[in-house]
Structures are given as structure tokens and as C-alpha cells.
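Some notes on the structure that comes next.
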Amino acid sequence: MANLSISPSPVLLLLLHVLPFLIPTESADLINKTCKKTPDYNLCVSTLQANSQSSNTSVEGLASMMANVTLSNATNILNYTQELINHNADTELEGRLAYCAEVYISLEQDILPQAISALANGEFGFAKYGISEAGDEVHECEKKIPESFKPPLNDMNRIMQNLCDVCVAIINILLKG
């Protein structure tokens, strides 16, 4: 009886050696291609590349990740705003901050979770509407903050608006099919 030994082909060995490097490249290509269609390429790329799940996803997955980052950002801004309210003695400023807190409560508890759910269910038009509304609400909050207090909170609001804009742009890609 002949002793048969099966050795892997050189092509298979090459694929096994190279394949792990192809997957991240494909993911990076998808992120780059998608982010080039958004209003803030750098924010888009840095946000999505920081997400460990972005290495194995689709445009729909990227939109979902961006929406979840936007929700997380809303939660952080709400916490920051509530801290400002708790450590503020100016009643006029407190009222303006309370308005912003109400905006972020709505974003955190209703608007963004509904948009994320809509994305998961393939209801891209509704998701786009929700994320757009979130950006509009943030803009209204920004207008309430007096000039003397703008730098910390308005910088956060601008980032939030930019996240919303990027997320809407990715959803637009999905809507175009």
C-alpha cells in the first residue's frame, strides 16, 4: 500500500497567509469609500475605525455604528449639561441649560433609539428623519447658550451635529441603494 500524504497546495498556503490582511483592507476600503460621501470625512473615518465591529460590516452596519456613537455622544453631553446645571447659580443660564438638557433627554430616550431601531428594521427613511431631527434639536440648544458660556458646550454640540450629518449621509447611501 502506498503511503499517501496530502500536502496543502502553494495557492492554499498563500491564501491562508494573506487572507487575514485582506479583511481589514476591505473594511478600510468600505469605510473610506463611504466616508468620502459624507460632509466630514475625518470625523467619519476616525469614528468608524475606532469601532472594533467595523472590520466586518456593510454600509448598513456602518450607519448603525455611527448612530450608536451619536447616541453615546448624546448621553455624554446630557450628563455634562446636568453637571453644569447642578453647579450653576445663574438662574437665566440654568434655564437655558435646562432647555438643552430636555433636548438631550429627548435624543437619548426617544429620537435616537427610534432611529437606531428603524435602521435595524431597514426603515432607512424613518431613521434619516430621526437623525436629522436630532441634529436640528442640537442646533436649537446651541442657540440658547450665551456667548460667554459657548466654548465647552457648543463645541460638544457641533461635534454632535457633525455626527448627525455624517450619519444622515451614510443613510442617504442606503436610500439610494
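Computed over heavy atoms, backbone and side chain alike; hydrogens, waters and symmetry mates excluded.
Contacts of N73 classified as side-chain contact (heavy atoms from CB on, under 4.5 Å), with partners at least two apart in sequence or in another chain: I77, I159, M160, L163. Legend: residues meeting side-chain hydrogen bond (donor to acceptor under 3.5 Å, both in side chains) with Q161, ordered by chain and number and at least two apart, are H139. For E140, the salt bridge (charged side-chain N to carboxylate O under 4.0 Å, His left out) test picks out K143, with sequence neighbours left out.
Note on residues 70-129: pairs passing disulfide (SG to SG under 2.5 Å), not counting sequence neighbours, are C100-C141. Residue pairs satisfying the side-chain hydrogen bond (donor to acceptor under 3.5 Å, both in side chains) criterion with at least one member in residues 165-177, sequence neighbours excluded, are listed as follows: K128-N172. Applying the salt bridge (charged side-chain N to carboxylate O under 4.0 Å, His left out) test to residues at least two apart or on different chains, none of the pairs has a partner in residues 99-121.
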Worked verdict on S46 versus N42 for side chain to side chain contact (heavy atoms under 4.5 Å, CB included) = CA-CA 6 Å; S46 64; N42 291 330; 5.7 Å; no
Decide yes or no on side chain to side chain contact (heavy atoms under 4.5 Å, CB included) for T70 and L107, but give the supporting numbers first.
-> CA-CA 10 Å; T70 303; L107 296 182; over 6 Å; no
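Under the 3.5 Å distance criterion, the side-chain polar atoms of N121 are matched with a main-chain donor or acceptor of S117. In this structure, T38 contributes its side chain and T34 its backbone to no donor-acceptor pair below 3.5 Å.
For the atom pair I173 CD1 and L62 CG, the distance stands at 8.5 Å (nearest 0.5 Å).
Evaluated for a side chain to side chain contact (heavy atoms under 4.5 Å, CB included) with V166, the options L48, T47, I171, D40 yield exactly one hit, D40.
In the displayed structure, Y129 atom OH is contacted under 6.0 Å by at most 12 heavy atoms of other residues, nucleotides or ligands.
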